[in-house]
Visitor: 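Here you go, one structure.
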Protein chains: 2
Amino acid sequence: MQTSTRDRIVVATARLLQRQGYVGTGIKQIAKESQATLGSIYHFFPGGKEAVAVAAIRHSGREFAALLKDSLDRQPEPSEAVLSCTRELAAGLRESGWVDGCPVTAAALETLGADSELQKACAEALNGWERLVLDKLLGCGFPADDARELATTVISAIEGAEVTAQVNRSEEPLLAAGRQLARLIRSYGIDAARR
Amino acid sequence: MQTSTRDRIVVATARLLQRQGYVGTGIKQIAKESQATLGSIYHFFPGGKEAVAVAAIRHSGREFAALLKDSLDRQPEPSEAVLSCTRELAAGLRESGWVDGCPVTAAALETLGADSELQKACAEALNGWERLVLDKLLGCGFPADDARELATTVISAIEGAEVTAQVNRSEEPLLAAGRQLARLIRSYGIDAARR
DNA sequence: ACAGCTCTAGAACGAACGCTCTACCCAATT
DNA sequence: AATTGGGTAGAGCGTTCGTTCTAGAGCTGT
C-alpha cells in the first residue's frame, strides 16, 4: 500500500478542516474522503473526532512551516522572503478556487471558548510559524524587541490578508499585504548587505 | 416594549456567530439566548437560519463600522487612529475572556465554498470597514494607490492580529500590530500638519 | 361581537451528528 | 493447524440539527 490508512485520514482531515472548519467537518465525511471506515478511524484515533483533528492540525502546522522555511531560506533579505511567501500563498489560493486558506484559522476560531487540546494545537502551529520569522529576523541582525514585534505582525497580517483574499476572491489583498510588510521591514534599515 | 423580538434575535445571533461561527450556532440556541421561540424566529426570518445570520452579520458590520469611524474621526493622524483602534479592540478582547473577536471572520471562513448570501454579507462588512480607512487616508492627502493598498493591509492585519491575540489569549499581538501599522503609515511621510 | 392580522408557542419530522458495537478478514506466531 | 491481534466494515444507538406545522394569544378596525 502506498500511503497508510492513518496518513490518509490525517491528510484528508487536514484539508477538510482547512475548508470547512471543525464543526463543519463530520467524522463520516472524513471516512468517505480518506477512503477509510469508521472502524479504522476509531482504531487509530480512540480519542474520536477531536483526536483526529489535533493530528490533522499538527500535520498542517508542519506542512506550512516547511513552505515558510523554504521562502525564508531562499531569500537573503527578509523583506524579499515575506514578499515571495505572499506571492506563493496568493497563487495557491487562486488555484484552489479561494477555498484552501490558512489550515488552522477556521478550526482555531471555533474552539476558542474551551481550552481543548485542539485549541492548543492551533496555537502551537501559529507560534511555530512566528518563531521561524523571528529567527530569520534575528539572523539578519534585527534587535530582539523589533524582531519579536515584527514577526508577530508579519504572521498576523499574512493570516488576515489570506482571509480577506478568500472573502473577496482576489489575490490583491495578499499581494498588497506582502508589499506593505516588505516596506515595513525595510523601514528598519537593516539589510543583509550591511552585515 | 423595550427591545423588539426581532432585534433581540439579531443581537443574540450576532454574538453567537462571533463566538462559535455559523455551523456551530444552532437555531434553538438562538431562540433560547434571545428569549424568542422558534415560531418567532421563522416568522421574522422566513429564510431560516441563513437569513437570521445574514441580518446578524449586517448588524455586526454596522456596529464595528461605527466603532472604527469613531477612532478615525477622533484622531487627526491616521497612524494614531489605527493605534487607538487596536488598543480598544485589545481591551475588549481581554474583557470578554478572548472570545469576542471579529464578528464576521468565523462565519466568513465557514461559508467560503458556496457563494451564499451570507458570504456576500461578510464580504460587504469587510469592504465597508476598508472603505472607512481608505477615506480617512485619502482625506489626509495620501495618493490614491498608496491609500488603497494601505487600507487593505490595515484591515487585514487587524483582522489577523485579533485572531492571533485570541488564540494566544494575549493583547500583545494586537498591540504590536497597531504599533507596526502606525509605523508603516508614518513611513509615507504624510502627516496632518503638512496639509 | 366578530373577523383579521401579527406574533408567540412548542410538538413533531426526517436527516445527520458522534460514537459504540459486533463481525469479519488476513498475515504472523505458536 | 490453531490462535492471536491489528486492521476493516458498517449497522445501529441516542441525540441534536433545521424546518414545518397547528394552535392560540393579543390587538385593531368594523
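All heavy atoms count here, side chains included; hydrogens, waters and symmetry mates do not.
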Visitor: May I ask you to say what A:L38 touches in the nucleic acid, namely base, sugar-phosphate or nothing, with a heavy-atom cut-off under 4.0 Å?
Guide: base
Visitor: How close or far is atom P of C:dA15 from atom CD1 of A:I27, stated in whole angstroms?
Guide: 22 Å
Visitor: Side chains of B:T111 and B:Q119 only: does a donor on one sit below 3.5 Å from an acceptor on the other?
Guide: no
Visitor: With nearest nucleotides of DNA chain C determined for B:I41 and B:K28 from heavy-atom distances, which residue corresponds to the more 5′ nucleotide?
Guide: B:I41
Visitor: Starting at CD of B:Q35 and ending at P of C:dA9, how long is that distance when rounded to a whole Å?
Guide: 10 Å
Visitor: Under a 4.0 Å threshold between the charged nitrogen and the carboxylate oxygen, would A:R15 count as salt-bridged to A:E33?
Guide: yes
Visitor: OP1, OP2 of D:dT8 versus side-chain N and O of A:T5: anything below 4.0 Å?
Guide: yes
Visitor: Under 4.0 Å, heavy atoms only, any strand: does A:G39 hit a base, just the sugar-phosphate, or nothing?
Guide: base
Visitor: For C:dT8, does either OP1 or OP2 sit under 4.0 Å from a side-chain N or O belonging to B:S40?
Guide: yes
Visitor: Nearest 0.5 angstrom please: A:E159 CD to A:T164 OG1, how far?
Guide: 11.0 Å
Visitor: Round to a whole Å and report the spacing from CZ of B:R6 to C1' of C:dT6.
Guide: 14 Å
Visitor: In whole angstrom, what separates A:E110's CD from C:dC17's P?
Guide: 14 Å
Visitor: Closer to the 5' end of DNA chain C via nearest nucleotide, is it A:P46 or A:Q29?
Guide: A:Q29
Visitor: Rounded to whole Å, please give me the gap between OH in A:Y42 and C1' in C:dT20.
Guide: 9 Å
Visitor: Does either side chain, that of A:S84 or that of A:R74, offer a donor lying less than 3.5 Å from an acceptor on the other one?
Guide: no
Visitor: How long is the line joining NZ of A:K32 and C1' of D:dG10, in whole Å?
Guide: 14 Å
Visitor: Just the rounded figure in Å: distance from P of C:dC17 to CD of A:Q20.
Guide: 10 Å
Visitor: Check the surroundings of atom CZ in A:R169: do more than 12 heavy atoms from other residues, nucleotides or ligands lie under 6.0 Å from it?
Guide: yes
Visitor: Starting at atom NZ of B:K49, determine the distance to atom C1' of D:dG18, rounded to an integer number of angstrom.
Guide: 8 Å
